[in-house]
**Student:** 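Can you read through this structure? Questions will come right after.
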2 protein chains.
Amino acid sequence: MTNPVVQKVNPMLTEERAKASFPVEELTYILDGGKFNTEKRREIEELVTKDPNFEHPPIQFMTREQQYSLAVKKALLVQQRLKELDMLDDPYASYFFRRIAMPREVSPIGLHWVMFVPTLMGQCSDEQRERWLQRALNYEIIGTYAQTEMGHGTFLRGIETTATYDPSSQQFVLHSPTTTSIKWWPGGLGKTCNYAVVVAQLHTQGRCHGVHMFLVQLRDESTHRSLPGVVCGDIGPKMGYHTIDNGFLQLNSVRIPRENMLMRNAEVQPDGTYIRRVSNEKLTYGTMVFVRSLIVSDAARGISEAATIAVRYACVRRQGEPSSPGAPEPRLLDYPVHQYRLLTCVANCYGLWFASEVLRDLYFTVQPDVLEGRTERLPETHALSAGLKAVGSNRGAACVEECRRCCGGFGFSEASGLPKIYNDINPACTYEGENTVMLLQTGRHLLKCVERARRGEQLAPSDAYIRSRPTPQPKLAGGPLTADLLLGWLRWRSLSMLLEVSGRFNSFIEQRQAWADAFQAVSRRLTRCAEAHCILYVGQAFLDSAKAAENPKICGVLTSLCRLFLLNEVVSGAGDVQLSRSDLARCQDAIDSLLTELRPNAVALVEAFDLPDRMLCSVIGRYDGQVYEAMLQWARQSPLNATDVHESYELYTRQFLAGRSLAKL
Amino acid sequence: MTNPVVQKVNPMLTEERAKASFPVEELTYILDGGKFNTEKRREIEELVTKDPNFEHPPIQFMTREQQYSLAVKKALLVQQRLKELDMLDDPYASYFFRRIAMPREVSPIGLHWVMFVPTLMGQCSDEQRERWLQRALNYEIIGTYAQTEMGHGTFLRGIETTATYDPSSQQFVLHSPTTTSIKWWPGGLGKTCNYAVVVAQLHTQGRCHGVHMFLVQLRDESTHRSLPGVVCGDIGPKMGYHTIDNGFLQLNSVRIPRENMLMRNAEVQPDGTYIRRVSNEKLTYGTMVFVRSLIVSDAARGISEAATIAVRYACVRRQGEPSSPGAPEPRLLDYPVHQYRLLTCVANCYGLWFASEVLRDLYFTVQPDVLEGRTERLPETHALSAGLKAVGSNRGAACVEECRRCCGGFGFSEASGLPKIYNDINPACTYEGENTVMLLQTGRHLLKCVERARRGEQLAPSDAYIRSRPTPQPKLAGGPLTADLLLGWLRWRSLSMLLEVSGRFNSFIEQRQAWADAFQAVSRRLTRCAEAHCILYVGQAFLDSAKAAENPKICGVLTSLCRLFLLNEVVSGAGDVQLSRSDLARCQDAIDSLLTELRPNAVALVEAFDLPDRMLCSVIGRYDGQVYEAMLQWARQSPLNATDVHESYELYTRQFLAGRSLAKL
C-alpha cells in the first residue's frame, strides 16, 4: 500500500543481502511448512496485491471511523473474493488472503467465523443447526459471541446477565440487571453484527441452572436498527484495534423464543423443565489450545514483521561518530549493542515460531484422542498452551517494542508501521486469559507434576524432566557451550526453581494452610517457574527444528541462532538459581562471538519470513531501502498538510500574536 | 474533564483509604517539597478546574487534527492566563498551570519556551537580543529549534543544511541540499511557528566553519503563509503526541540577512570574514543536565499517574474464583502477584521521584561553579544525568505499561487514560539522546573512573565507591536485610560488574586494539554496568529521602518501600554477578513479607501524589471509584455511536447480506 513500486534498491541493503551464508529461499520453505505452501502463499498475495479493490490511502491518515468503515468494506470484500475463488474451505488460503488484504487490521466480522459459527456448530441441536448455521455460513446474518461483561471476566460463574424462562409465552427474557452485567468487549457487537450468542444465567421454574448460551437477534435484518430493548454500541477508542467495533450490549427484558437457547447439551422444555444432557466439556479445551497456539504464532509473526523493518533500517541508517574523520557515520547494525538488541529479537521470533508449530501439532495429536475419551495428555497440553500463550505474547510485545525503539524517532512515527504492530499484538497479553492468570494455570499443573513424580507416576513427555529430587547442575565450564548443554542447564534451572517452590508450598500445607492460600503464597514465584518451563519448551522446539533442517548451512545458522536464544536465557535467568561468575562470563563471551557470527546473516534471517512491503506497511522497512524519499512522500499526505495555513491560525493564533484576548473569541 | 463531579465514593475505596498507617497529607508535602508548595499547587489546579475556558469533551474522541487545534487554543490560552495572573516568571506556578490545563497534551508551542527563547538568550549578540528576544517573550513571534535532520540525529557534525554567505547581497543562503538534510521532528515546526532557529553548516569565503545557528523566518507575519523557498509541514501521525505538529523543513536557497546569524560566539563580517569568539561550550552541558533531570521527574510522574489509576482500580475490581462458594470474587489487590506488580511500580516511582530531585539539586550545586570555570564535577554530573535519563525513562515506560496491563481489558481502552500516559512518556526513551547511547556515555565515564582510581586520584561523591580492586561481597545471610545492607550489596554488584568489564577492556587495549574498538567490544556489558550504577544512585536517593522524613510513620513506610525497591533490584540483578541460593531465597521471603506489610498502604502511597481526576483523565482511576457507570457514560460518547446504524451498513453490509456483489458499488 505504502510502497507500491519497488524502486532502485539501496546499495547498502544489496550489500547486506549478499552476505547471506545460506539459501534464504529454502529457509522460507521451512518456515512456511514446505515449498508448496510458499508458492501458494505467494500466489494469494499476488492476487490481492493486483486487485485494485483493495487499494486505498494509508490508514494512518484516517480517523478511527474511517478506518472502521474501510475495514467493514474490506472484510466483506475478502469474503466475497474467497467465495468467488472457491477458497472458503481452505483455511491456509483464506488465512493468507485475509492477512495480506488486511495487514494488522482486525476484522469487524472476525468474531463471526472465529466464535459465532463454531459456537453454533458445537452448541446447537441438529434442528437448530439446520435453521441457523447455514444462514451464518452464507452470511445472511452476521454474529458475535457475547460472554464477557463489564464487571466479569475470567470467572464464568460470575456472569450476571439472566435468561428467565416464561412458560406462558414460551420465551426467555434476557436481561441485564446491573451496570456491571452489561456485555462489554465482543468484537463487532457495537455496530456490525445483527445477531449474538449471549451467555447468561438460565432461570426456570424458580431455579438457576448456571450459564448457558442463547441466540439473540440484536438488529433488524432489513433496516439494521437495534431492536426494542436492545441497547448496543461501540465501547470507544482503544490503544489499537481501531478497525473493530468492540461493543457493549444492555438487554432490557428482551424476549426470545424458547428455541433460541442453544440446546445441544441442555434443554428447557415448553413447560420449563430443565434437562441437562451428558456433555463433553473437555472438548472445548481443544479449541482453547488451538486458539492459544495461534496467539503464539501471531506473536512470532509480529516479531518477524517488526524485526524485518528494524533490521533493514539498521542497514541503511547511519548514526553516530565516524570511525575516522571524513568517513561516513557508522550504520546502526555496526554497533554490537544494536546487533544484540535485534538478533535476540530475531532469535525469540524463530523460537516462538517453531514452538507454536509444535504446540499446534500437539493439538492435532491429542485432539482425536480426546474426542474418543482418552484425556491423559489433556492436562499437559492445557498447561503448555496457557503458559506458552503468556510467554509468547509477553515476548512478542517486548520484542516488537524493542525493534520499535531500535528505529529511534522513526520508530515512534506511524510511518514505520511499528506502533501499529505493537498495538495490534499487545492485547494478546490480556485477552483469552490474562497472562499472569495463564502462568498460574501452568504453575498449578507443574506443582501437580512434582507430586505425581513423588508418587512415582509417569509424566507426559514435556513434563518428563520433572522429578521429586534435585539433579546436579550441568557444568557449563570446560567443553563447548553446545545447544544441548545449554538446554540441559535450562532444564536443570526449571526443575530447581520448581522444587524450591514446591517445597515451600508443601511446608504451607503441612502448616495446615488451605490449598488456595498456600497456592497464593507461592504464586509470585510460581509464575517464574511457569516461564522457565515454557522457555525450556521453546528452546527444545527451536533446537529440534534447527536439527531437522536438511541443508547443513541452514541447520548451522539456525543452531547458532538457537544458541543465542539459549545463552540469552541462561544469562538473564541466572538470577533465579545460581550460576558461577566464571560460567556467566563464558556465556557472555559466547554471546559476543555469536553476534559477530550471525551479523552477516541478519538480513537473510528476517527476509526468510518473506514479508512483502504490502504486509509491512512501513516506510522505513521497505524492500528497496529507499527510506528517506518515501518518508517525505508519506508525510506530505498528513491531513494537517491539506492546507498551508491551518485553520487554528485564523481561529486562535492570529489574535494571540496580535495581542488580542482569546477569551473574546 | 472526564469526571467533573465526584459522586458518592465507592465503599471499597473508602475502606482501603482507612487502612493508611501514616498521614497521607504530610507525605504529599514531602513530595511537593513543602506544605507551601502543595497549597500553591492546589490553588493553581483549582483556578484551571473552575475556568470554563478549559472545558471540552474528552480528547480521545477527537481526530488528531481536532486535538491539534484544541491544543493550540489551550496552549495560547494558558499563556494569556499566566500573563493575566502575573505568573509568567514563576516556573513552579506556570508548570503546574500548564500541567493541569493540558494533562499529558504536548503543547504545540512548547519548543518556543523550552528551546527557542533560551537559544536566543544564549546565542544572540546583545544587539540581536534587543531585536528578537523581546518579540519572542511577548509572543509577537512563535519559534522553534530546528537541528535534527531526516538523516542526522546525535552526530551534530553530520548536519547537511548549508548556510552560505553571499557578500554581494550581505545575505546567507540557507539550503537543504539533499532529502536527508530536510529538518525533521522539531515541535511546532509543521504548522504553528513562524520562525525557527536553524542549525546549519556555515560556509563563507570558500571555507566551511562547522555548524552555527541562524534565525530563519518561515511564515509571513500577517498571513502565516510559508515564505518563498520554505517548504514546511507536519511529519504525520505518531504513536502519541497527537497534539503537536512535529514538522519538516526544506529550505530551497532561502536568503536571510547577515544579521540573522546568531552571533554571540562567532561572527561573519560584511565582507565574509569569519571570526570565532571564545565560548564556553560547557555551559550548554548545564541545560542538558537540567532537561534530563526533568525527564527523570516526568517518568516518575508518569508512573505516579498510572499507579494511582491501577491501584484504585485494583481496589474496586473483583475478578476470579471466590474463596468460598457464594462469596464475592476477590479484589485484584488481594492477589499477591498483583500486589507485587503494582507495589514494585510504586517503589520505582518513589525512587525515581527522589532521584530526580537529587539530580536537580546537584545541577543547582554544580552550575554556579561551572559558570565560574570550576568544572571538576561536570563529568560526574553529565554521566549521572545521561544514565538516569535512560534508566528513568526505561523504567517509566515499563512501569506504566505494567500498570496498564494490571487493568486487564480496561487498560487497553482509552477510557483508562493509560494508553495516553504510555504513549506520552515512551518517546523520552528516544529523544534527548537515545537510551542506549546515554548508557554508553555513563559507561565511558565509569571506565575512566576505574582508571582514575587505579592512579589513586580522587573521585566525585557518587563515583567514590569505585576502586581498582574488588571488595568482598557483603553477606546477606544472618542479620536483618536492612536497606543499608541491600544498598551495600548493590554497590558491591556495581563495582564487581564494572571491574570485570574494565578488565576486559584493558586486555583489548593491551592487545593493541584501538580505543573505539575496545569500547565497542565491551559496550553491551557496559550498558548493564551503567544501569547498575544508576540504580545504586536511585536507591541511595530513595533511602536518604526516606530517612529524612521527620514523621516516624512516614519514615517507616518509605523505608519499607525503599527496601522493596532494593530487594527487587538484588533479586533481578543477581544474574549479573553471583548470589547464593540461600541469599536469594532470603530476599524472596523478605519481598513476600513486605508485600503483606505494604498492602494496606497501597492506596495511601499513590494518593500521596495528590493527582486530581482532571489530571488523570481516567474513567477507571476516578477518586470516587465509581468505575462502571462512568465507563458506560464515556463509551456512549464514542463517535461511532452518533447514529444507531453506521453508514458502512448502507454502503456495504446491506448489499453483502443480500448476496449482492460489493464490486458493483
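The chains referred to below are lettered A, B, ... by the order of the sequence lines, with proteins before strands, and numbering in each begins at 1. Predicted, not measured: the structure shown is a model, and the values here were computed from it.
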**Student:** Looking at A:R636, A:Q250, A:R219, which has the largest count of heavy-atom pairs under 4.5 Å with chain B?
**Tutor:** A:R219
**Student:** Can you tell me which portion of A:Q588 sits under 4.5 Å from chain B's heavy atoms? Options are side chain, backbone, both or neither.
**Tutor:**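 Answer is both: backbone and side chain atoms of A:Q588 are under 4.5 Å from chain B.
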**Student:** Taking side chain as everything from C-beta outward and backbone as N, CA, C, O, which of these in A:I182 sits under 4.5 Å from a heavy atom of chain B? Side chain, backbone, both or neither.
**Tutor:**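 Side chain only.
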**Student:** At a 4.5 Å cut-off on heavy atoms, which part of A:A521 comes close to chain B: side chain, backbone, both, or neither?
**Tutor:**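 Answer is backbone: N, CA, C or O of A:A521 sit under 4.5 Å from chain B.
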**Student:** For A:F412, which atoms come within 4.5 Å of any heavy atom of chain B: side chain, backbone, both, or neither?
**Tutor:**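 Both backbone and side chain.
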**Student:** For A:H338, is it the side chain, the backbone, both, or neither that has a heavy atom closer than 4.5 Å to a heavy atom of chain B?
**Tutor:**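 The answer is neither part of A:H338.
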**Student:** Side chain, backbone, both or neither: which part of B:Y628 has a non-hydrogen atom closer than 4.5 Å to chain A?
**Tutor:** both
**Student:** With a 4.5 angstrom heavy-atom cut-off, could you sort out which part of B:N194 is near chain A: side chain, backbone, both or neither?
**Tutor:** side chain
**Student:** Are the side chain of B:K191 and the backbone of A:D644 linked by a donor-acceptor contact shorter than 3.5 Å?
**Tutor:**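 Yes; judged by distance alone, with no hydrogens or angles, the pair exists.
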**Student:** Give a yes or no on whether the backbone of A:H646 and the side-chain of B:H224 come within a donor-acceptor separation of less than 3.5 Å.
**Tutor:**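 Between the backbone of A:H646 and the side chain of B:H224 there is no qualifying donor-acceptor contact (under 3.5 Å).
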**Student:** Which region of A:L584, side chain (C-beta onward) or backbone (N, CA, C, O), has a non-hydrogen atom less than 4.5 Å from a non-hydrogen atom of chain B, or is it both or neither?
**Tutor:**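 Answer is side chain: those atoms of A:L584 sit under 4.5 Å from chain B.
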**Student:** Could you label the plane-to-plane angle of the A:Y241 and A:Y431 rings as parallel, tilted or perpendicular, counting under 30° as parallel and over 60° as perpendicular?
**Tutor:**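 A:Y241 and A:Y431: tilted rings.
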**Student:** Under 4.5 Å from any heavy atom of chain B, what part of A:R405 do you find: side chain, backbone, both or neither?
**Tutor:** both
**Student:** Using non-hydrogen atoms only, which part of B:T223 is less than 4.5 Å away from chain A: side chain, backbone, both, or neither?
**Tutor:**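 The answer is the backbone of B:T223.
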**Student:** Mark yes or no for whether A:N641, through its side chain, and B:D234, through its backbone, hold a donor-acceptor pair below 3.5 Å.
**Tutor:**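 Side chain of A:N641 to backbone of B:D234: a pair is present.
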**Student:** Against chain B, label A:S648 side chain, backbone, both or neither, depending on which of its atoms sit under 4.5 Å from a heavy atom there.
**Tutor:** both
**Student:** Is B:S523 in contact with chain A via its backbone, its side chain, both, or neither, using a 4.5 Å heavy-atom distance?
**Tutor:** both
**Student:** With only heavy atoms counted, which part of A:Y139 is less than 4.5 Å from chain B, the side chain, the backbone, both or neither?
**Tutor:** both
**Student:** Which atoms of B:E321 come close to chain A, meaning under 4.5 Å heavy atom to heavy atom: side chain ones, backbone ones, both, or neither?
**Tutor:** both
**Student:** Chain A heavy atoms under 4.5 Å from B:F248: which part of the residue, side chain, backbone, both or neither?
**Tutor:**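 Side chain of B:F248 only, per the 4.5 Å heavy-atom cut-off to chain A.
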